[in-house]
Amino acid sequence: MSKNMISPFDKNAPRFVGSKPEGLHRFWEHMMRLFGDAGITDPNARMEKMIDYLDDQAAREWGNFGTFKKGDLDKFKDEVFKNYPEAQE
C-alpha cells in the first residue's frame, strides 16, 4: 500500500532552487526516498511529480529536457546533473 507524498506546498517539503545547485544531490536523494515510501515506481510519474518540487525556472528547464520527454529517469538524472556543474561531486 502506498502513502501520499508530502505536498510541494508544505513548508517541510523538499525543494530545489536552481540558483542553489549545491543542494541538488540532497534534493534528488530525498525525492527518491519519498517516491519509494509512496510506492511511486513509474519513471514518468517520478519525473512529473519531481517538477512540482522545483522553483519556477528550474521546473521550466527540467520539463524541456529531451530526456524528460522520453521518460528515461536515469538519463534524465544525468542531464539534470550535467546542467548544474556546481553540483558535481
Side-chain angles (χ1 to χ4, degrees):
M1 175 178 276
S2 66
K3 68 175 190 170
N4 292 331
M5 285 187 56
I6 189 170
S7 167
F9 303 107
D10 189 294
K11 68 177 182 165
N12 295 315
R15 190 100 178 127
F16 178 71
V17 178
S19 63
K20 297 180 181 177
E22 62 277 0
L24 181 56
H25 285 279
R26 182 181 168 110
F27 170 77
W28 194 276
E29 290 171 9
H30 195 165
M31 292 303 298
M32 292 302 113
R33 240 185 341 268
L34 288 174
F35 292 143
D37 290 348
I40 300 171
T41 58
D42 178 68
N44 286 316
R46 285 182 171 204
M47 289 186 291
E48 289 174 13
K49 193 117 183 106
M50 192 179 297
I51 296 291
D52 294 339
Y53 294 83
L54 305 175
D55 69 20
D56 290 340
Q57 182 177 344
R60 280 190 302 277
E61 291 171 1
W62 292 25
N64 284 315
F65 289 160
T67 52
F68 177 81
K69 295 174 182 177
K70 292 180 182 173
D72 185 322
L73 185 60
D74 291 330
K75 288 182 181 175
F76 176 67
K77 178 182 178 184
D78 290 343
E79 187 169 11
V80 167
F81 278 84
K82 232 188 268 184
N83 279 275
Y84 297 94
E86 304 92 334
Q88 300 301 320
E89 292 183 316

Just verifying a value: how many Å separate [X] [atom1] and [Y] [atom2], rounded to the nearest 0.5 Å?
X	Y	atom1	atom2	result
F68	M50	CZ	CE	10.0 Å
K82	E79	NZ	CD	7.0 Å
I6	H30	CD1	NE2	7.0 Å

Q.
Considering only residues two or more places apart or on different chains, which pairs with a residue in residues 45-58 satisfy side chain to side chain donor-acceptor pair (under 3.5 Å)?
A.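 The answer is Q57-E61.
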Mind checking side chain to side chain contact (heavy atoms under 4.5 Å, CB included) for [X] and listing every partner two or more places apart, or none if nothing turns up?
X	result
K77	W28, F81
D78	none
D72	D74, K75

Q.
Is any side-chain heavy atom of M5 closer than 4.5 Å to one of D37?
A.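 No, side chains not in contact.
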**Q.** Non-neighbouring partners of W62 that pass side-chain hydrogen bond (donor to acceptor under 3.5 Å, both in side chains), sequence neighbours left out
**A.** Y84
Q | Heavy-atom closest contact (M32 atom, L73 atom, distance) | A | SD-CD2, 4.4 Å
**Q.** Nearest non-hydrogen partners of P21 and A87, listed with the distance
**A.** O-CB, 3.2 Å
Return all side-chain donor-acceptor pairs below 3.5 angstrom for residues 12-19, not counting sequence neighbours, or 'none' if the list is empty.
| unit_1 | atom_1 | unit_2 | atom_2 | d |
| --- | --- | --- | --- | --- |
| R15 | NH1 | L54 | O | 3.2 |
| R15 | NH2 | L54 | O | 3.1 |

